[in-house]
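Just so it is clear, the model here is predicted, and its values are computed rather than measured.
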Amino acid sequence: MRDISGMVTDATTVKAMRRMMDEGHFSAADLTWYYMERIARYDAGDDGINSVLELNPEAVFLAEALDREAEQSGPRGPLHGIPVLLKDNIDTGDKMHTSAGTLALANSRAEEDAFVAARLRDAGAIILGKTNMTEMANFMTEGMPSGYSSRGGQVKNPYGPGRLEVSGSSSGSGAAIAADFAALAVGTETSGSVLSPASHNSIVGIKPTVGLVSRSGIIPIAHSQDTAGPMARTVEDAALMLGAMVGVDEGDPATVSSVGRYHVDYTQFLDSRGLEETRLGIPRGYYEDLDSSQLSIMEHAIEVMRSAGADIVDDVEIPGGRDKWQSPVLVYEFKSALNAYLGGLDPRVPVHSLAELIHFNFQSAPATLRYGQSLLLASEKTSGTLTEREYIDARKRDILDARIKGIDAVMEGHGLDALLFPANGGASLAAKAGYPSITVPGGYDSSGLPLGVTFTARAFEEPALLRMAYGYERATRIR
């Protein structure tokens, strides 16, 4: 076991780590121990970041096996031997739990990997542990702080622990990457839960097109908006991870739409001149709530992009774009989706339906109900059959307003390649449309809070988004 703290820092890329392993400077086991020691030193305890719920007891053994495999037959690819953290709503068929931050599922172990987890293992990644998160991916109740769960407590923002908001339900994944507890993590998003913590923790987050990444084996909120996505320190690292996560899953019909449109190597689209001859729309309505320091960050980002060759179309209007994200769609879809997931759990798990989860929380209060469970109660009042007229009308309205009359109309009308939002400003719009976004570090406001710059495009246009985001990252190198 070697001390590699002088060789690996929070600026070391995945490719650099893999190259140093190939050259014999350290092993995957050394790298795994490095991250485990950092987690023990800086994440655990009252003064820690509290981003990691549990570590994989088999992580070191997996790393040693992958080291032997690399020696005998060569690495599988760039993720071979790279430790990865998963959000605690993603199934792993191992000795770790999958709880979505709840006490009801604190002892629940999945029988098999989620499709995404299996794909990462196939790529040679080491699943290092599970990250804390906003309980039930922030569909527990109204007013729950981002990053709080009954099982794990409160995640803290490494840029201002206890002072700055960590944001989004994938808060543990975002904070862990920012604090260098791993180079890569997986988050999940229904509406802003990858993009928002990426912005607040000064990292890169990709919210893929719904259907590009399988939803199988992930504790759900809404089938029409849920997706998993990479969280990393650089665009290149996020692109590497995305390529390892995609693929057609027989257990998820949405992934059939990705046939012929996904790529196993998204790094091929990275171009330091990626902003040249692109048309970017600035929806100024989403900039109105920024304070002066945040607006200054965005104005500087726009000027950087203009100087890098982008054609800026300022003040484009997206009809109905700023509607409140709490759509009835989520309330209706949650019960159906959650009941399907819980119904398949081991009989020894204490809850197998939304109704039983609600009852468990009432019986285990106050530990389970520090902030209530208003959203669970609202969803339980629905039939769970998705037959209600209100649901069907709301789903159609989301597609019409966010996709057809929203993003599609404004991009086609102005000939745009992408829309540029501050932080997760357009997350709800893209979520309802099922469209992709990528957040890249943009700067730090007057309070020290990171602010991300977010590019949004249409379905399966991840290659274009990565090209533009990489061009911006190379031009600024904010992080």
Please say whether the positively charged group of Arg474, taken as NZ for Lys or CZ for Arg, lies over the ring of Tyr470, i.e. under 6.0 angstrom from the six-membered ring centre and within 45 degrees of the axis. yes
Centroid-to-centroid, Phe181 to Tyr35, below 6.0 Å? no
Decide whether [X] and [Y] meet the rule of one side-chain donor and one side-chain acceptor closer than 3.5 Å.
X      : Y      : result
Asn89  : Thr188 : yes
Ser193 : Ser170 : no
Ser169 : Asn138 : no
Asp43  : Ser51  : yes
Asp417 : Thr278 : no
Glu135 : Ser150 : yes
Tyr435 : Asp408 : yes
Ser202 : Tyr444 : yes
Thr13  : Asp237 : no
Thr131 : Asp88  : no
Ser199 : Asn424 : no

[atom1] of [X]: more than 12 outside heavy atoms within 6.0 angstrom?
X      : atom1 : result
Glu299 : CD    : yes
Asp265 : CG    : yes
Arg273 : CZ    : no
Arg163 : CZ    : yes

Do [X] and [Y] make a side-chain contact, defined as non-hydrogen atoms from C-beta onward lying under 4.5 Å apart?
X      : Y      : value
Ile399 : Lys432 : no
Met96  : Ile127 : yes
Pro197 : Met231 : yes
Thr190 : Phe334 : no
Val116 : Leu120 : yes
Ile90  : Thr98  : no
Leu128 : Asn56  : no

Would you name the heavy atoms of [X] and [Y] that are closest together and state the gap between them?
X      : Y      : answer
Ser446 : Ser293 : N-OG, 3.1 Å
Ala232 : Leu184 : CB-CD2, 3.8 Å
Asp226 : Ile221 : OD2-N, 2.8 Å
Gly81  : Ile126 : O-CD1, 3.5 Å
Thr255 : Ser214 : CG2-CA, 3.7 Å
Arg279 : His414 : NH2-O, 2.7 Å

Nearest 0.5 angstrom please: Leu376 CG to Thr141 OG1, how far? 7.5 Å
I need the Ile206 CD1 to Met245 CE distance, nearest 0.5 Å. 9.0 Å
[X] side-chain N/O to [Y] backbone N/O, donor-acceptor pair under 3.5 Å:
X      : Y      : value
Asp445 : Leu449 : yes
Lys156 : Gly48  : yes
Glu189 : Leu195 : yes
Glu473 : Val235 : yes
Ser364 : Phe360 : yes
Ser173 : Val186 : yes
Thr32  : Ala28  : yes
Thr134 : Gly147 : yes
Thr92  : Asp94  : no
Asp252 : Ala254 : yes

Asp10 and Arg479: side chain to side chain contact (heavy atoms under 4.5 Å, CB included), yes or no, with the steps? CA-CA 10 Å; Asp10 67 351; Arg479 192 173 193 283; 4.2 Å; yes
Step by step, work out the side-chain hydrogen bond (donor to acceptor under 3.5 Å, both in side chains) result for Ser224 and Glu333. CA-CA 8 Å; Ser224 64; Glu333 291 187 356; 2.9 Å; yes
Output a table of donor-acceptor pairs, distance under 3.5 Å, between side-chain atoms of residues 451-464 and any protein atom two or more places apart or on a different chain; print 'none' if there are none.
unit_1	atom_1	unit_2	atom_2	d
Thr454	OG1	Ala423	O	2.3
Thr454	OG1	Thr439	OG1	2.7
Thr456	OG1	Ser437	OG	2.7
Glu461	OE1	Arg458	N	3.0
Glu462	OE1	Thr209	OG1	3.4
Glu462	OE2	Thr209	N	2.7
Glu462	OE2	Thr209	OG1	2.8

Output, in order, the C-alpha distance, side-chain angles, deciding distance and verdict of side chain to side chain contact (heavy atoms under 4.5 Å, CB included) for Leu419 and Leu280. CA-CA 6 Å; Leu419 293 163; Leu280 300 176; over 6 Å; no
Run the numbers on Arg215 and Thr227 for side chain to side chain contact (heavy atoms under 4.5 Å, CB included), then give the verdict. CA-CA 6 Å; Arg215 303 162 299 175; Thr227 183; 5.6 Å; no
Which word best sums up how the rings of Phe269 and Tyr266 line up, parallel for under 30°, tilted for 30 to 60°, or perpendicular for over 60°? tilted
Test: Arg38 and Asp180 ion pair at under 4.0 Å: yes
Ile49/Tyr42 under side chain to side chain contact (heavy atoms under 4.5 Å, CB included): CA gap, chis, key distance, verdict: CA-CA 7 Å; Ile49 301 301; Tyr42 300 113; 5.5 Å; no
Asn50 and Tyr148: CA distance, side-chain angles, deciding distance, side-chain hydrogen bond (donor to acceptor under 3.5 Å, both in side chains) verdict: CA-CA 10 Å; Asn50 200 36; Tyr148 176 81; over 6 Å; no
Step by step, would you call Lys335 with Ser379 a side-chain hydrogen bond (donor to acceptor under 3.5 Å, both in side chains)? CA-CA 6 Å; Lys335 182 176 181 178; Ser379 185; over 6 Å; no
